[in-house]
Amino acid sequence: MKRVFSRKTEGGGVRFGRKHALVAAVCLTALVLCLAACAPTAAPQEGGAGSTPVAETGEEADESQSFSTAADFTEHSTGLYPDIQRNAEFQNSGNRGCAACHDDLFTLDKNNGSFVHITNQVGMKKGTYNGDCVVCHFSKAGTAGNIMSENIHVRHYGSTEFVNANGNCWSCHVTDTDDDGNIVMKLFEDIQYDARYGGYPNEDEVDIDWLSRHGWDEGTFSGVVRLAEPNVSFEVDQNASAEEAEFNILNFERIDGNDTYDALEKSVADGSYRLKVTGVGKSGEYTIDDLKAMPQTEFTAAQMCLVAGYNTAMLDNMPMKGVRLADFIEAVGGVDAGVNTITPVACDGWTAIFPGGSTDLQAYLDNDAVIVLEAYGHDLSIYQGGPVKIFVPGTGGTATVRNLVGLDFSQTDNPPSYSDVAAGLLEVNKTINLDTSWFDNDGVQGKVGEPLVMEGAAWGWTFGDDFKYEVDKILISFDYGKNWVEVDSPDEFDPYQWTHFTMTWTPEKAGTYVVKAKAVSKDGVEQGKDANIIVQVSE
């Protein structure tokens, strides 16, 4: 479905249509070892779901491929920002933040010695950033990983490259004030897209007028162009993402020194794979052909890491086929009396929500869980979660268990539900329930008078009674959020899918722009933090 909207609203704003909402699952943690070792790595490798992992477990990386020269902090650079004195001498904006030294944190992580992160490929072939790391590794979310702040600081200050490049605290951080006026340290990425960097932290006419009267014609110290009424139009749809741009992970990779994924792949190849099912009328082992003989359902749904950051690369919108859990239970003779719990078991020991965890069966049924066997018209590869995975549409991660070898139906006192876990993580800001992502990285290039096409997508959790964050609209701003263009999402869009939007903008003035995007749910909940992208327009 595609809709095109381009109409002016009262006051000169533009209203448009929205795409499709949604979430879904497929991952556990966020990308990380954020920036260990100071320098970029080789560009992300091409390749779709069937490609081999970027790095091999247990092998030390070739440092000539993993590192390059760190930015020298004493050599002033404006980076992507306008070439003016403030950005060079007072901000040194081109030599700050992760991107000053690292081309892409995902590739850096994949080449970080013997360590292999679970993320095998990020979506849209987009570079990852520190926001995809800190959700898990700033305060530690369950089994997500260790707290990284200590590791990163020691690694950088113990790096000859970083020290020789005159790296210091301000290579990564900025100082700001909290509500009580106290000086606090933040990451450069936390402020570089906002008014705190672009001018004054307050978005009112007094600040902008002060800047203009003192010679800052754009109303910003940084020279970033503010645009209240951009010449833009939008198309919205719920198209599936390309297979080569999908997002996929491997849960724990190796267990007790054995690569369980190699063994699983071999069992599929030689026909010995079996899915062990217990707690049902026809308990036993089922082949892939047995599962394919059951009633099949085809659908498309968004997949998103539970702990992805805002503007994440850990997403896609995948067409899938398999057996609805309800149909599967009927085909295997129903569940035993009193059964209220499902425990999906992966080849590496991962179950649901947390290792060894069981989950409320009714919650899986209510949220249309599917035992998936195919994606993009073919059998699931190991890297897509194959040969079998259980997928829960509308959720953000761990409820989906990949590389299944077992399904155990049992009786448990007060089994935990995915909603219970998600609610707890939301309360402590360890996960995101409504998000938008640009498909491009910072530094998009455009020319005055020539149409510039940019893409993105928004989605929200849509499961249970307490998580109804179906996307209603996407808001776009070219002036630090003072004015917003509304991109509406048609009511008939599938809430289990993402809302894909294509923006066509014809710039009328050269300069550097910060374009913001955020989703709003049908209940009026706004995305907690904007998705940002820097665009440079030349004459």
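Here the structure is a predicted model, which means the values were calculated and not measured.
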Problem set entry | Test salt bridge (Lys or Arg N to Asp or Glu O under 4.0 Å) applied to Arg96 and Glu189, step by step | CA-CA 9 Å; Arg96 302 180 71 181; Glu189 287 84 354; over 6 Å; no

Exercise. Is there side-chain contact between Cys305 and Thr312, with heavy atoms separated by less than 4.5 Å?
Worked result: no

Exercise. Is there a donor in the side chain of Asn95 and an acceptor in the side chain of Ser77, or the other way round, less than 3.5 Å apart?
Worked result: no

Exercise. Is Val487 close to Val236 at the side-chain level, that is, under 4.5 Å between some pair of heavy atoms?
Worked result: yes

Exercise. Is a side-chain donor-acceptor pair under 3.5 Å present for Asp523 with Ser521?
Worked result: no

Exercise. Does Glu150 CD have over 12 foreign heavy atoms under 6.0 Å away?
Worked result: no

Problem set entry | NZ/NE/NH1/NH2 to OD/OE distance under 4.0 Å, Glu539 and Lys447 | no

Exercise. Below 4.5 Å, heavy atoms only, C-beta onward: do Val515 and Trp438 meet side chain to side chain?
Worked result: yes

Exercise. Atom CG of Asn231 and atom CG of Leu452: how far apart are they, to the nearest 0.5 Å?
Worked result: 11.5 Å

Problem set entry | CA sep, side-chain torsions, deciding dist, call: Thr395, Trp461, side chain to side chain contact (heavy atoms under 4.5 Å, CB included) | CA-CA 6 Å; Thr395 61; Trp461 291 356; over 6 Å; no

For this session: Check whether any side-chain heavy atom of Ser212 lies under 4.5 Å from a side-chain heavy atom of Asp217, and answer yes or no.
Result: no

Seminar exercise, completed: Taken to the nearest 0.5 Å, the spacing of Ile152 CD1 from Arg155 CZ works out to 10.5 Å

Exercise. Where do Val514 and Asn532 land on the side chain to side chain contact (heavy atoms under 4.5 Å, CB included) test, with the steps shown first?
Worked result: CA-CA 7 Å; Val514 173; Asn532 303 282; 4.3 Å; yes

Problem set entry | Glu243-Gln384 side chain donor-acceptor pair, cut-off 3.5 Å | yes

Problem set entry | From Asp176 atom CG to Arg196 atom CZ, the distance as rounded to the nearest 0.5 Å | 4.5 Å

Exercise. Is the backbone N or O of Ala245 less than 3.5 Å from a side-chain atom of Ser241, with the two atoms forming a donor-acceptor pair by type?
Worked result: no

Exercise. Any luck finding a side-chain donor-acceptor pair between Tyr193 and Asp442 under 3.5 Å?
Worked result: yes

For this session: Please name the residue in the list Asn433, Asp435, Asn311 that meets the side chain to side chain contact (heavy atoms under 4.5 Å, CB included) test with Gln527.
Result: Asp435

Exercise. Given side chains that start at C-beta, do those of Thr502 and Phe234 come closer than 4.5 Å, heavy atoms only?
Worked result: no

For this session: Kindly compute the distance separating CG (Asn182) from OG1 (Thr177), expressed to the nearest 0.5 Å.
Result: 8.5 Å

Seminar exercise, completed: Nearest heavy-atom contact between Arg402 and Asn248 is NH2-CB, 4.0 Å

Exercise. Do we see a donor-acceptor contact under 3.5 Å between the side chains of Tyr81 and Gln192?
Worked result: yes

Exercise. From Thr300 OG1 over to Tyr376 OH, what is the distance, rounded to the nearest 0.5 angstrom?
Worked result: 8.5 Å

Exercise. When the aromatic ring centroids of Trp459 and Tyr496 are compared, is their separation below 6.0 Å?
Worked result: no

Exercise. Do we see a donor-acceptor contact under 3.5 Å between the side chains of Asp530 and Tyr480?
Worked result: no

Seminar exercise, completed: Residues Ala531 and Thr436: closest non-hydrogen pair is CB-O, 3.3 Å

For this session: Of all the heavy-atom pairs spanning Leu105 and Cys133, show the shortest one and how long it is.
Result: CD1-SG, 4.2 Å

Seminar exercise, completed: Heavy-atom nearest pair, Phe162 first then Asn168, reads CZ-N, 3.6 Å

Problem set entry | Other residues, nucleotides, ligands: >12 heavy atoms within 6.0 Å of Tyr157 OH | yes

Exercise. Should Lys516 and Asp194 count as an ion pair when the cut-off is N to O under 4.0 Å?
Worked result: yes

Problem set entry | Salt-bridge contact Asp440-Lys126 (side-chain N to carboxylate O under 4.0 Å) | no

Exercise. Does the pair Glu526/Lys473 count as a salt bridge with the N-to-O cut at 4.0 Å?
Worked result: no

Exercise. Going through the checks in order, is the side chain to side chain contact (heavy atoms under 4.5 Å, CB included) test met by Tyr513 and Asp479?
Worked result: CA-CA 8 Å; Tyr513 296 78; Asp479 62 354; over 6 Å; no

Problem set entry | Ser477 side chain to Asn483 backbone, donor-acceptor under 3.5 Å | yes

For this session: Any chance you could measure Phe247, atom CZ, to Met304, atom CE, to the nearest 0.5 Å?
Result: 9.5 Å

Exercise. Heavy atoms, side chains only, cut-off 4.5 Å: are His173 and Leu187 in contact?
Worked result: yes

Problem set entry | Closest contact, heavy atoms only, Ala240 versus Pro319 | CB-CD, 3.8 Å

For this session: Measure the shortest side-chain to side-chain distance between Val444 and Ile533 over non-hydrogen atoms and say whether it is less than 4.5 angstrom.
Result: yes

Exercise. Can you check whether Glu235 reaches Phe501 side chain to side chain, under 4.5 Å on heavy atoms?
Worked result: no

Exercise. So, Phe221 versus Trp216, ring centres under 6.0 angstrom or not?
Worked result: yes

Exercise. Between Trp505 and Phe478, is the gap from one ring center to the other below 6.0 Å?
Worked result: yes

For this session: Provide the closest heavy-atom pair for Ser222 versus Ile84 in the form atom of the first, atom of the second, distance.
Result: O-CD1, 3.4 Å

For this session: For Leu475 and Val520, run side chain to side chain contact (heavy atoms under 4.5 Å, CB included): C-alpha distance rounded to whole Å, both residues' side-chain angles, the deciding distance at 0.1 Å, then the answer.
Result: CA-CA 8 Å; Leu475 304 181; Val520 182; 3.8 Å; yes

Exercise. Any salt bridge between Asp190 and Lys529, counting N to O under 4.0 Å?
Worked result: yes

